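The structure appears below as structure tokens.
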Amino acid sequence: MHNKETFFNYIVEGNKTKGDFIPIGAAMLDGETITGAHVNIPLKTLNRHGLIAGATGTGKTKSLQVLAENLSDKGIPVLLMDIKGDLSGIAQPSPGHPKINERHEKIGLPFEAKKFPVEILTLSEQNGVRLRATISEFGPVLLSRILDLTDTQSGIVAVIFQYCDDNKLPILDLKDFKKILQYATQEGKEEFNEAYGRISTASTGAILRKIVTLEQQGADLFFGETSFDVKDLLRIDDEGRGYINIIRLTDIQDRPKLFSTFMLSLLAEIYSTFPEQGDSDRPELVLFIDEAHLIFNEASKALLDQIESIVKLIRSKGVGLYFVTQNPTDVPEEVLGQLGLKVQHALRAFTAKDRKAIKLTAENYPDSEYYNTTEILTSLGIGEALVSALDEKGRPTPLAATMMRAPMSRMDVLTDAELKELLDNSKLVKKYNETIDRESAYELLNEKIAKAEEEEAKAKAKEEQEALKKAASKKRASSSSRRRSTAMNPVVKVLTSATFIRSVFGILTKVLKK
């Protein structure tokens with residue numbers, strides 16, 4: 001048995017912060033919660049990213065909810081990926097429960113039921129603020145990586161974008177992009193050959209097939225206008241609390257390509273538009289990516305490299321990324337190594353593979369004289385987790401098996417009536433839910449093709465008219481020639497006339513009579 005007082009002092013001293021922080025629970029020793037031994041997360045290091053992991057039913061979603069609520073209370077906006085559909089209840093206060101009160105008494109923190117400002121977003125046809133982006137905003141490099149194109153195919157995409165820039169053709173949605181690909185090897189073949197060199201129909205065909213695959217996962221709903229402005233994720237309500245933006249993704253689990261496409265475009269847009277923050281005391285925005293394996297399982301090597309680069313660089317913009325998944329091994333090592341905060345709920349050792357995964361997971365945590373990490377990972381109860389954070393100087397805080405505090409909001413979904421009321425009062429729904437299909441590459445190219453066909457038809461008709469004129473003129477000349485050739489010579493006409501013949505016969509008769 002360990003000394004409780006020594007342990008208490010060890011935890012309290014290791015969790016001291018000069019700046020603001022979020023208390024997420026109290027440390028446990030030998031299965032007992034040590035009241036007042038609070039485990040704190042400094043706001044200053046929340047842009048160092050993190051991981052919330054654990055087996056199904058161990059409390060990952062509740063830990064995510066606690067962090068999101070407390071960030072909102074501190075005036076920090078949050079973006080949540082709601083894969084299972086159980087996070088919308090954050091918009092309503094917790095009904096409370098005796099077990100929640102008992103838990104908080106053990107932790108040594110008062111419990112207060114609260115609701116939080118929530119915005120419901122959607123990638124599909126579900127109710128919510130529609131999230132869209134244009135093809136032009138993706139650019140040739142990001143689009144090529146999402147489609148997993150070869151170098152040759154990526155070069156063609158770059159040429160397509162350059163042609164559209166040169167000719168002021170906006171590429172807004174997938175039908176625009178498909179149209180310009182077809183145009184490059186059909187009606188506009190000569191134009192492209194002259195300006196950019198020959199484009200292979202085999203390559204454009206392969207790109208088109210990749211686009212069709214993306215379309216089948218619902219990407220045609222995502223690409224288009226009105227394009228979502230990521231600055232709308234940074235809103236603060238009248239009480240100074242950050243908005244909790246919840247993306248409903250309950251129908252996206254079987255469409256991982258669309259999910260990873262959206263996530264990468266969102267991170268790239270945030271990185272390119274947010275200003276540099278340097279070493280600030282608090283993050284500007286925190287993103288929680290639930291079911292993170294959906295991003296990584298379907299990602300190509302090029303896409304993984306892009307994600308890794310963004311994870312490394314985006315924290316300088318004051319943005320924290322938190323991956324939520326069942327097992328830390330779901331996250332690539334290159335990304336896992338960038339995660340400062342780790343909230344590890346219980347893991348289950350049902351197979352030899354599970355036991356190996358637990359050993360690997362245990363090695364990701366600092367050594368502790370108070371815990372056998374490998375053993376405690378399988379013995380944690382619901383709502384308990386191993387927590388390792390970073391202090392204000394970037395050093396790991398003491399590893400603590402933590403009794404996690406309960407969410408202040410409802411741990412359930414909104415009713416249809418509550419959801420309708422929330423959306424009816426949303427300013428963003430009014431801003432983004434009108435579908436706009438303005439004149440873009442598809443329409444402009446169709447006009448160009450129609451005009452070219454019309455001019456070609458006119459030229460052909462003119463050529464045919466000229467040919468008919470020439471033929472008619474030739475016919476008239478031929479007819480005139482025939483008339484001249486068959487016209488009777490005047491002398492012959494006289495000699496063969498009836499009068500001349502009668503005169504001749506009359507003279508001959510007189511001569512013969514003599």
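If you read the sequence from its start, that first residue is 1, and numbering goes on from there. On a predicted model such as this, the values are computed, not experimentally measured, just so you know.
Checked by atom type and distance alone, the side chain of K431 never pairs as donor or acceptor with a backbone atom of K427 at under 3.5 Å. A donor-acceptor pair under 3.5 Å is absent between the side-chain atoms of H49 and the main chain of G340, judged by distance alone. Between the side chain of N167 and the backbone N or O of L169, no donor-acceptor pair lies under 3.5 Å. Side chain of D176 to main chain of D173: a donor-acceptor pair is present (N/O by atom type, distance under 3.5 Å, no hydrogens or angles). Distance alone, capped at 3.5 Å, places no donor-acceptor pair between the N425 side chain and the L422 backbone. R410 contributes no side-chain N or O that, together with a main-chain N or O of K115, makes up a donor-acceptor pair within less than 3.5 Å. Here the side chain of R282 pairs a donor or acceptor atom with the backbone of K74 at under 3.5 angstrom. In this structure a side-chain-to-backbone donor-acceptor pair under 3.5 Å is missing from K342 to S388. With hydrogens and angles disregarded, a donor-acceptor distance shorter than 3.5 Å links the side chain of Q153 to the backbone of T150. Judged by distance alone, with hydrogens and angles left aside, the side-chain atoms of T45 form no donor-acceptor pair with the main-chain N or O of G394 at under 3.5 Å.
Heavy-atom minimum distance, V129 versus S426: CG2-OG, 3.9 Å. The nearest pair of heavy atoms linking L390 to P396 is CD2-N, 4.0 Å. Listed here is the closest heavy atom pair of K44 and S280: CG-O, 3.7 Å. Nearest heavy-atom pair across T152 and S203 is CG2-OG, 4.0 Å. Nearest heavy-atom pair across I199 and A184 is CD1-CB, 4.1 Å. For the residue pair L221 and L123, the shortest heavy atom distance occurs at CB-O, 4.1 Å.
The side chain to side chain donor-acceptor pair (under 3.5 Å) check on K178 picks up E215, with sequence neighbours excluded. Scanning for side chain to side chain donor-acceptor pair (under 3.5 Å) contacts around S63 gives H345, with sequence neighbours left out. Every residue was checked against the side chain to side chain contact (heavy atoms under 4.5 Å, CB included) condition with A195, not counting sequence neighbours, and none meets it. With sequence neighbours excluded, the residues that form a side chain to side chain contact (heavy atoms under 4.5 Å, CB included) with D82 are D86, L87, I246. S154 is linked by a side chain to side chain donor-acceptor pair (under 3.5 Å) to nothing, counting only residues two or more places apart in sequence or in another chain. Evaluation of the side chain to side chain contact (heavy atoms under 4.5 Å, CB included) rule for D229 yields K231, D232, Y432 as partners, not counting sequence neighbours.
Contact of the Q126 side chain with the I120 side chain is not registered, since no non-hydrogen atoms from C-beta on lie closer than 4.5 Å. You'll find the side chain of M408 reaches within 4.5 Å of the side chain of F116, heavy atoms only. Residues I76 and L285 fail the side-chain proximity criterion, which asks for heavy atoms closer than 4.5 Å. The closest side-chain heavy-atom distance from V286 to P283 is below 4.5 Å. By the 4.5 Å heavy-atom criterion applied to side chains, K60 and Q326 are counted as neighbours. V159 has its side chain out of reach of I156: every pair of non-hydrogen atoms, C-beta onward, lies at least 4.5 Å apart. Put simply, the side chain of L46 reaches to within 4.5 Å of the side chain of L71, judged on heavy atoms. In this structure, the side chains of L321 and V335 stay at 4.5 Å or more apart for every pair of heavy atoms.
Put simply, CG on D220 and CG on L214 are 9.0 Å apart, with the number rounded to the nearest 0.5 Å. A distance of 8.5 Å separates OG1 in T325 from CG in D290, rounded to the nearest 0.5 Å. One distance of note links CG of L249 with OG1 of T122; it measures 7.5 Å at 0.5 Å rounding. Note that CD1 of I41 and CD1 of I24 are 4.0 Å apart. Values are rounded to the nearest 0.5 Å. Taken to the nearest 0.5 Å, the CG atom of D281 stands 9.5 Å off from the CG atom of D20.
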*Let me see the working for K114 and D73 under salt bridge (charged side-chain N to carboxylate O under 4.0 Å, His left out), right down to the final yes or no.*
CA-CA 10 Å; K114 285 185 183 181; D73 252 354; 2.7 Å; yes
*Show the numbers, then the answer: is there a side-chain contact (heavy atoms from CB on, under 4.5 Å) between L172 and I135?*
CA-CA 5 Å; L172 304 180; I135 296 286; over 6 Å; no
_Worked check of salt bridge (charged side-chain N to carboxylate O under 4.0 Å, His left out) between K210 and D148_ = CA-CA 8 Å; K210 295 283 182 72; D148 193 21; 5.1 Å; no
*Evaluate the salt bridge (charged side-chain N to carboxylate O under 4.0 Å, His left out) criterion for residues E334 and K312: first the C-alpha distance (whole Å), next the side-chain angles of each, then the deciding distance (0.1 Å), finally the verdict.*
CA-CA 10 Å; E334 294 80 3; K312 287 178 180 177; over 6 Å; no
*Dump the intermediate steps for side-chain hydrogen bond (donor to acceptor under 3.5 Å, both in side chains) on T415 and E418, then the final yes or no.*
CA-CA 5 Å; T415 64; E418 288 169 337; 3.3 Å; yes
*Please test F288 against M81 for side-chain contact (heavy atoms from CB on, under 4.5 Å), starting from the C-alpha separation and ending with a verdict.*
CA-CA 6 Å; F288 291 87; M81 312 292 158; over 6 Å; no
*Using the side-chain contact (heavy atoms from CB on, under 4.5 Å) rule, take F323 and L339 through it: C-alpha gap first, then chi angles, then the decisive distance, then the call.*
CA-CA 9 Å; F323 298 96; L339 310 182; 3.9 Å; yes
*Going through the checks in order, is the side-chain contact (heavy atoms from CB on, under 4.5 Å) test met by Q182 and L208?*
CA-CA 9 Å; Q182 292 166 345; L208 283 168; 4.2 Å; yes
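Geometrically, R132 does not engage F228 in a cation-pi contact, judged by NZ or CZ lying under 6.0 Å from the ring centre and within 45° of the ring axis.
With no hydrogens or angles considered, a side-chain donor-acceptor pair links D166 and Y196 at under 3.5 Å. Remark: the E276 side chain and the S316 side chain contain an N/O donor-acceptor pair separated by less than 3.5 Å. In the model, S265 has no side-chain atom that pairs as donor or acceptor with a side-chain atom of E137 under 3.5 Å. S409 and Q65 share a side-chain donor-acceptor pair at under 3.5 Å. No donor-acceptor contact under 3.5 angstrom links the side chains of E69 and S72, judged on distance only.
Residues R235 and E119 are paired through a salt bridge, judged by an N-O separation under 4.0 Å between the basic side chain and the carboxylate. In summary, K420 and D424 engage in a salt bridge, as defined by a charged side-chain N under 4.0 Å from a carboxylate O.
Between Y183 and F192, the angle of the ring planes goes over 60°, which puts this pair in the perpendicular group of the 30/60° scheme.
Screening V343, V324, L336 against L51 for a side chain to side chain contact (heavy atoms under 4.5 Å, CB included) leaves a single residue, L336.
Checked against a 6.0 Å centroid threshold, the rings of F223 and F138 count as neighbours.
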